Amino acid sequence: MHKYNPHEIEEKWQKAWEESKIFKVYEDNQRPKYYCLEMFPYPSGRIHMGHVRNYSIGDVVARFLRMRGYNVLHPMGWDAFGLPAENAAIKHGVHPAKWTYENIEHMKRQLKRLGFSYDWDRELATCDEDYYRWEQKIFLEMLERGLAYKKKAPVNWCEKCHTVLANEQVVGGKCWRCESEVVTKDLEQWFFKITEYADELLEGLEKLRGKWPEKVLVMQENWIGRSEGAEIEFKIDGLDKSIRVFTTRPDTVFGVTFMSLAPEHPLVDELVKMHPETEKIMGEVERLRKQPRSARLLDEFEKEGVFTGAYCINPFTGEKVPIFVANFVLYEYGTGAVMAVPAHDQRDFEFAKKYKLPIKVVIQPEGEELDPETMTEAYEGQGYLVNSGQFNGMFNEEAKKAIIEYMEDKGFGKGTVTYRLRDWLISRQRYWGTPIPVVYCGKCGMVPVPEEELPVKLPKDAPFTGTGNPLEMVEDFVNTTCPKCGGPAKRETDTMDTFVESSWYFFRYCSPQYDKGPFDRKAVDYWMPVDQYIGGVEHAVLHLLYARFYTKVLRDLGYTNVDEPFSALLTQGMVLKDGRKMSKSFGNVVDPDSMIEKYGADTVRLFLLFAAPPEKDLEWSDQGIDGCYRFLNRLWRLLTGHIDDLRGVGRDFDFAKLSDAGKEAVKRTHKLLKKVTADVEKFRFNTAVAAFMEYTNHMQDLESCINWEDENELRAIRDCFEKVVLALSPFVPHFADEVWSLLGNEGFTLNERWPEYNEEWTKEEFITLVVQVNGKVRARIEAPSGLSEEEMKKIAVENERIKKWIDGKSIVKIIVVPNKLVNIVVR
RNA sequence: GCCCGGGUGGUGGAACUGGUAGACACAGGGGACUUAAAAUCCCCUGGGCCUUGUGCCCGUGCGGGUUCGAGUCCCGCCCCGGGCACCA
């Protein structure tokens, strides 16, 4: 008898799979397609446990569906552009490309050691010219359509690193890398017009309800932040201009007592000139403008404002309203101007108290009299309008509509919708990214690089000094000729945010070598959308929103008719050690390689599937994985213990002629198959693995009772074991293929059909009849299954132990749950 | 503050649609085998009580409620995790 030797068999089967190209897939209209995708990794150097968990889950799904007759696309690749590569270049002098490709090499070997069923012929790296050239082409088309544009915008800028930082790279107002203060700078930056799709991105979420985690849907909803309201124009007193405000509470417009403008608002300079002490006020405004944006966005940051000296006119009341500049007003949101109603907005209330501005109540709640003199906070609830002219007495929700209608009629306002979502800033002043394919000509201005000149390649050599954008310093790259006039021109040196690459890689997988466009329409029509996407919840908004947006853009550019890329989403939890995320700094990293070394890949995969349901965080346990290894050894001994007897016999057997133990074994097997099938369908891998363990325990008990001399019995057991092995295949594929072959079979379990179970044999002959008296369990009785209600009642009532509880009492009623339970209600 | 999750033994987690709470595993205790150890196998393992039984009582964050019956449904709290947050 062979001992379970994971390393030997894993190496053997991985080689066999590779040689037979078992994971290669093609479009095939004869079979239903299934696109199973896991988020591709950043090639940071080594695979970590989080990846192994993610990909183990994906592999079960892919292998299961393939065995169920689907044509499964299961690709893998590399999200290969990004800052760590450039940091490595700065720190160790390795070229980002060398660093990245070496990491890919290593991580690919690690993934292969884990036995995942990827079609490696579809592998892609986003830093390949063949990949990013198509991204440049799509960019040009977006530019043409106005979906990509350049504008001056306030951004986070680190003086020391001489580069723009994304919001998430600003930690507590400081640069995450050099810890120097981040300032706000107005810079020309490239944006994608994601706001144009705000409504569609919001509505699209409805289609995904039930198939994406609710949490992710809600996060995207919040992020998009649609709010309905109105825009109202306030004329400036003594100036032929007006201020437009956005408000969600047009019903409170009669309560406006001042106006707040964002410091960046373009009218501010002009208004301040109306103040007698222009210079002093301008100084104050400048001070507010210099407050870092990141700090201004914090809740605790002190709210302050400056009176501009100017007034505007409330179009409803004709009242003069003072105009303030306030640091809490965001220029990017709404119109950058807010009508302040201190009685009904807490922020305005606090501001009014601070600067001693009037408070005017215009909404009265029922059964309560609001008095501006005694109010301690704003009343933001509903009520009836007062002090509001012809709208007095109206319920405020009604008044919203009436006031909007009135304004639209008179032409100084309208109902409108605003979003929190901003356009996507995609410029990065970094080397290791996709170059933005435009040039600047002194004569022609900004000129797109013609398509036939793509790709705009990253220059191989660039100085990685740690300051400034290396691309700017490569003369050969920067200096070029204008495609329009042939004159001297400068290249754009910004590269694209790496989230752009990950926004369409799933399309590229469908035809990764296609050289006539980003992807082959036919292949995409066949494979897309992704049927099951699996990855970490940390991408709930960023990547998953960008990818949805980009898909809609590709659709509108005519590349596809898919408008939601991921039909279903599973967000797996993190892998923790000692209750926290694994990290080098905390020294609690468990290295997958060392675990594979110790137990083999199958054990590692099995533990990650068993230790927690996929969507929950998983606590790594050295003892836990040990338990999984012991289980596989026990299972191995069970399945191979009589292998020489089993190998020679057929599979057809006569159930009726089996021994009791044989019958029991067959029934256990079919019940197991039923349970595992149902669990895998629902992604409940942890309970599926538990079912295998339970099965193994029971079969060990039966082992000595089974008649190993009887041919019919042997045939039955062989059939059972083969079915079990097939069901194990998605979980522990090397183990399964080895036992499959020891049982005398050719080929791979992955090419076999998922085992069917016989419903007849999953039925219990006997049940435990639970008898309750007044809802408390008082007896458990072994009884044949399928009894009628009357028979169950009879058994219950006549039971000795039950009699004790019901004698001398009157039975009020008896509730029967067929095949399960009887509850006798007595008084 | 708002919005999502979640709270079950010493631990990770089970429990279909309201019907036996604690499957499976880990840890712990006891035993078998062994000169010994490892490996393996067997038994016990939520708390309490006594009359040691096929026993009784309590027990799924807390307090109420609905129901013959609640971990599961409803109401009100507490705690933990995550997300958003001066968004007008």
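This structure is a prediction, so every number in the text was calculated from the model and none was measured. So that the names make sense, note that chain A is the first sequence line, chain B the second, and so on, each numbered from 1.
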Please determine, for the side chain of Lys215(A), which listed nucleotide (G82(B), C87(B), G83(B)) has the closest atom?
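So the side chain of Lys215(A) is nearest to G82(B).
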Side chain of Val329(A): nearest nucleotide among A88(B), G13(B), C68(B)?
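Nearest to the side-chain atoms of Val329(A), counting from C-beta on, is A88(B).
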Both Thr335(A) and Lys813(A) contact RNA chain B. Which one's nearest nucleotide lies toward the 5' end?
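Of the two residues, Lys813(A) wins.
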Taking for Val770(A) and for Pro613(A) the nucleotide of RNA chain B with the nearest heavy atom, the one nearer the 5' end belongs to Pro613(A)
Determine the contact category for [X]: base if any of its heavy atoms lies under 4.0 Å from a base atom, sugar-phosphate if only primed atoms, P, OP1 or OP2 are that close, otherwise nothing.
| X | value |
| --- | --- |
| Asp348(A) | nothing |
| Val218(A) | sugar-phosphate |
| Val825(A) | sugar-phosphate |
| Trp805(A) | sugar-phosphate |
| Arg684(A) | sugar-phosphate |
| Asn222(A) | nothing |

Applying ring pair (Phe, Tyr, Trp, His ring centres under 6.0 Å), can you list everything that pairs with Tyr333(A), at least two apart in sequence or on another chain?
none
My understanding is that only residues two or more places apart in sequence, or in another chain, count here; which of them pass ring pair (Phe, Tyr, Trp, His ring centres under 6.0 Å) with Tyr757(A)?
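Ring pair (Phe, Tyr, Trp, His ring centres under 6.0 Å) list for Tyr757(A), sorted by chain: empty.
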If a pair satisfies side-chain hydrogen bond (donor to acceptor under 3.5 Å, both in side chains) and one of its residues is in residues 808-827 of chain A, list it, with sequence neighbours excluded.
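Output for this query is empty, none listed.
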Starting from C1' on C57(B), measure out to CZ on Arg778(A) and report it in whole angstrom.
10 Å
I need the CD-P distance between Glu615(A) and A14(B), as an integer number of Å.
8 Å
Under a cut-off of 3.5 Å for both distances of each Watson-Crick or G-U pair, what dot-bracket string does RNA chain B give, using [ ] for crossing pairs and | for inter-strand pairs?
(((((((..(((......[....))).(((((.......))))).(((((..).))))..(((((..]....))))))))))))....
How would you summarise protein contacts on nucleotides 21-34 of chain B per nucleotide, using B for base, S for sugar-phosphate only and - for none, with heavy-atom distances below 4.0 Å?
S-BBSSS-------
Within this structure, what is the NZ-CD1 distance for the pair Lys414(A) and Ile232(A), rounded to the nearest 0.5 Å?
11.5 Å
Check the angle between the aromatic planes of Phe351(A) and Phe258(A) and answer parallel, tilted or perpendicular using the 30° and 60° thresholds.
parallel
So do the side chains of Phe766(A) and Ser785(A) get within less than 4.5 Å of each other, counting heavy atoms only?
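No, their side chains stay 4.5 Å or more apart.
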For Glu377(A), all residues meeting side-chain contact (heavy atoms from CB on, under 4.5 Å), sequence neighbours excluded:
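Counting only residues at least two positions away or on another chain, Glu377(A) forms a side-chain contact (heavy atoms from CB on, under 4.5 Å) with Gln346(A).
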Does a sphere of radius 6.0 Å around NZ in Lys581(A) hold more than 12 heavy atoms from other residues, nucleotides or ligands, not counting ones at 6.0 Å or beyond?
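No.
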Could you tell me whether Arg209(A) and Glu214(A) have a side-chain N and a carboxylate O separated by less than 4.0 Å?
yes
